[in-house]
There are 2 protein chains.
Amino acid sequence: MIRNKPRNAFAELQSRGHKLTQPRRLVIETLVNQSRAMTADDLHQVLAERKVSLASIYRTLDLLAELHLAEPVRQSGDEARYVACRPEQHHHHIICTRCWQVADIDSCLLEPVAKAIEDDSHFDVESHVLEFYGCCANCRG
Amino acid sequence: MIRNKPRNAFAELQSRGHKLTQPRRLVIETLVNQSRAMTADDLHQVLAERKVSLASIYRTLDLLAELHLAEPVRQSGDEARYVACRPEQHHHHIICTRCWQVADIDSCLLEPVAKAIEDDSHFDVESHVLEFYGCCANCRG
DNA sequence: TTTACTGCAAACATTTTGCAGATGT
DNA sequence: ACATCTGCAAAATGTTTGCAGTAAA
């Protein structure tokens, strides 16, 4: 349930040969601190006074996704939202559809299921998406 | 593994007070017969000689989703794709990322998992998305 | 100093919409 | 006959890109 810390992401970025710039720093900090699934525009508004351009936000989000420091989630109809996450572990999310707060589901229970599906469907399973959506304690209030 | 039949969808549409028009008929037939996850543009190309407008295709897809006769799936970076499905049952999909062919996974194994998550995270789970992606027997070749 | 990165503005792709005419019931 | 639906073209939305200047290493 503990989300990634900005510093880990900073280090990961740099160790992979990317520069730790001000816009990147701010996007990472915001994404981690808010622990919610944020759109590019959400970030742009939160960072309005820091004057980070939308283009840089999109570019940073792409980069973070590539490095597995963030993951895109898309519910139909909505724009893409991004969630900060730890790169080293496979996990899934539960996401509040009111405030977009996110909690991690640490274990993945689907490996045996994927196996069963491979036998049954004659597909090779390469990846899966598992997201739970609901209402968090705060929004239920 | 058997997909919905067009006629069921035709009937469902009409019984809910919608007109069974030529464009709608063609979109439904195509979506069901091809049994793949199709973009609006895929449908537009397949139906090119039948002169169905893109606008009608989008409107029909929205309607089908609303009636649970089709479901949108979005993989990051891609446009929305739609899968024909039976409205009466909860199920999930396995989707080939080469040819976008779809097979159904009839049972839902996640109800107990959702319960466990509710206890653990203090979220009310309202819905979930479970999609497996992989390579079908045909594309594996 | 060098290369990667940023902001801006323009381009792009996908999806939505208003409206006049066509179609299903 | 009537309401709904279609096609068209225009608009809106979300995202990407080229380029000249800026900042990180």
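None of these values were measured; they are calculated from a predicted model. Chain letters run A, B, ... following the sequence lines, proteins first, then strands; residues in each count from 1.
Set against C/dT6, C/dT14, D/dT4, the side chain of B/E79 has C/dT14 as its closest nucleotide. For A/A55, counting side-chain heavy atoms from C-beta on, the closest listed nucleotide (D/dA3, D/dC8, C/dA9) is C/dA9. With D/dT4, C/dC5, D/dG7 as the choices, the nucleotide that has an atom nearest any side-chain atom of A/H18 turns out to be C/dC5. Of all nucleotides listed (C/dG24, D/dG14, C/dG7), C/dG7 comes nearest to the side chain of A/R59.
Rounded to whole Å, atom P of D/dG14 lies 14 Å from atom OH of A/Y82. One interatomic measurement links the two molecules: CZ of A/R25 to C1' of C/dC5, which rounds to 14 Å at whole-angstrom precision. Here the P atom of nucleotide C/dT15 and the CG atom of B/L61 are 9 Å apart, to the nearest Å. Between the CZ atom of B/R50 and the C1' atom of D/dT6 there is a distance of 16 Å, rounded to whole Å. A/L54 has its CG atom 15 Å from the P atom of D/dT17, to the nearest Å. Remark: P of C/dA13 and CZ of B/R81 are 16 Å apart, rounded to the nearest angstrom. Between A/L47 atom CG and C/dG7 atom P there is a gap of 10 Å when expressed in whole angstrom units. Counting to the nearest Å, the C1' atom of C/dT25 and the CD atom of B/Q22 are 15 Å from each other.
Regarding contacts with the backbone of C/dT6, every side-chain N or O of A/S53 stays at 4.0 angstrom or more from both OP1 and OP2. Between A/Y58 and D/dT16, a side-chain N or O to OP1/OP2 separation shorter than 4.0 Å is absent. The shortest distance between the side-chain N/O atoms of A/T21 and the OP1/OP2 oxygens of C/dC5 is not below 4.0 Å. Between B/Q14 and C/dT25 there is a side-chain polar atom (N or O) within less than 4.0 angstrom of OP1 or OP2.
If you check every strand for non-hydrogen atoms under 4.0 Å, B/A80 touches sugar and phosphate atoms only.
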I would like to know whether A/L31 and A/L61 meet side-chain contact (heavy atoms from CB on, under 4.5 Å); could you show each step before the answer? CA-CA 10 Å; A/L31 212 52; A/L61 290 172; 4.0 Å; yes
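Ion pairing between A/R81 and A/E71 fails under the 4.0 Å rule for side-chain N and carboxylate O.
Scanning atom types as modelled, no donor and acceptor separated by under 3.5 angstrom connect the side chain of A/K19 and the base of D/dA23.
The backbone N or O of B/E131 sits nowhere less than 3.5 Å from a side-chain atom of A/H128 that would complete a donor-acceptor pair. Counting only distance, with no hydrogens or angles, the side chain of A/Q101 and the backbone of A/C96 share no donor-acceptor pair below 3.5 Å.
Ring orientation note: the planes of A/Y133 and A/W100 are nearly perpendicular, at an angle over 60° on the 30°/60° scale.
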